[in-house]
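Chain A is the first sequence line, chain B the second, and so forth, proteins listed ahead of strands; every chain is numbered from 1.
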Amino acid sequence: MLHVLRHAPQDSSRFASTLRSMGPEQGLLMIEDGVYSLLPDTSSNSALQLLPASVRLYVMEADVSARGLAIDDLPKRVKLIDYPTFVQLCTQYDKVLSW
Amino acid sequence: MSHILLVDGEAIKVDKEGFLLDLQDWSEPVAAALAEQEGIILTPAHLEIIQVLRDFYHTYQLSPAMRPLVKYVGQQLGKDKGNSLYLLGLFPGSPAKFAAKVAGLPKPDNCL
Amino acid sequence: MDLALAAAAFGVPVSLLFLDSGVMQLLKGQESALIKQKSLTANLKALPIFGVEDLFVCQHSLSERGLQSNQLLLPAKPVEGAEIAALLEQYDQVVTL
C-alpha cells in the first residue's frame with residue numbers, strides 16, 4: 001500500500017495517523033504541504049528517519065522546490081520523484097490511500 | 001419548477017416527479033392523492049408500510065433504498081412483510097421510490 | 001457517509017474506521033439542529049440497517065480527546081496502530097472521507 005500525505009504535520013494530525021497506521025512493507029509519498037514533514041530539525045523529520053528501512057519514502061520534488069525547501073537537506077533515504085513517477089507508483093502499489 | 005396537486009380543494013406543491021416540496025403538507029388524504037397519481041388505491045396494508053417508512057425517516061433522517069427498507073419493514077412488521085415481493089405487490093415497479101413518494105418523504109438519493 | 005450508505009444499499013460490503021477528529025461524530029448527545037445542521041447521529045444509527053455492521057474506532061484518537069468507547073452512540077470496536085495497518089490491508093478499496 002502507498003500512503004499519500006498532502007497536509008503539513010504542523011497543521012493536522014494526519015501525519016501522526018499515517019505513521020501509526022503504516023505497515024512495515026508500505027510506501028509513503030509526501031506531496032503538496034505534506035513535504036513540510038521533511039523540514040530539517042523537526043520531530044516529523046526525525047520520526048520519518050526512525051521508520052523501518054523496509055518502508056519506502058518518496059517526495060514530490062516539484063512540491064519541495066516550490067516551497068523553497070533545500071533538496072540537499074532531505075534525508076538520504078527519501079527518494080525524489082516527478083509526476084510520471086507518481087503515476088507509476090500508484091500503479092505499482094496494490095492500493096493507494098490518500099490522507 | 002413546481003407542480004400542483006389538488007387535495008380537497010387545497011393546492012399542494014410537488015416537484016416534477018410528484019414528490020412533495022414541503023414534507024409538512026403530508027396527510028392521509030394527500031397520501032391517497034399521491035398514490036392515485038401512481039395508479040395505486042391505498043389500503044390499510046399500504047398505510048401500514050407508509051407509517052413504517054415515515055418512522056424510518058424520522059429515526060434516521062434518510063429515505064431508505066430498497067435493501068434497508070426491506071430489512072426495516074421486516075424488523076417492524078415481521079418477516080412475511082419484510083420481503084421485496086410483498087412490497088413490490090403493494091407498490092409495483094420501484095417500491096422504495098413510490099412508497100417514499102406516497103409517504104411524503106424526499107426521493108431516496110440512491111434509488112435508480 | 002452517503003458513499004458508505006449508497007455502497008451498502010447496492011450490497012457492497014462496507015466497514016467504517018473512525019480516526020482523528022472523525023471519532024467526534026460518534027459522540028452521543030449532539031444537537032446539530034441548534035446550528036441548523038443535519039444530524040449525522042441519525043444517519044449513523046442507520047448504518048446497521050443498511051448492512052454496515054463492522055465499525056472501528058481508533059483508540060489513540062479517542063484517548064487524545066479524553067473519550068471512552070462507552071460514550072459512543074454506536075458499538076465501534078476500538079483498534080490500535082498495528083491493528084489499523086492490518087485492517088487497511090484487508091480491504092480491496094480504502095477511501096478517506
So CG of C:Asp20 and CH2 of A:Trp99: to nearest 0.5 Å the spacing works out to 7.0 Å

For A:Arg56, I'd like to know if atom CZ has over 12 heavy atoms of other residues, nucleotides or ligands within 6.0 Å.
no

Is the CD atom of C:Gln90 crowded by more than 12 outside heavy atoms at less than 6.0 Å? yes

So, the part of A:Met22 with a heavy atom under 4.5 Å from chain C: the answer is backbone

One should read off an interatomic distance between C:Leu88 CG and A:Leu97 CG, to the nearest 0.5 angstrom, of 6.0 Å

Quiz item: Checking A:Lys95 side chain against C:Asp92 main chain: does a donor-acceptor pair fall under 3.5 Å?
Solution: no

Interface check, chain A: of C:Ser61, C:Ala85, C:Ala82, most non-hydrogen pairs under 4.5 Å belong to C:Ala85

If one checks every heavy atom of C:Glu89 against chain A at 4.5 Å, the contacting part turns out to be both

Within a reach of under 6.0 Å around CG of C:Asn70, are more than 12 heavy atoms found that belong to other residues, nucleotides or ligands?
yes

One should read off an interatomic distance between A:Arg6 CZ and C:Thr96 OG1, to the nearest 0.5 angstrom, of 10.0 Å

Next item on the list: Please check if the side chain of A:Ser21 supplies one atom and the backbone of C:Ile84 the other of a donor-acceptor pair under 3.5 Å.
Entry: no

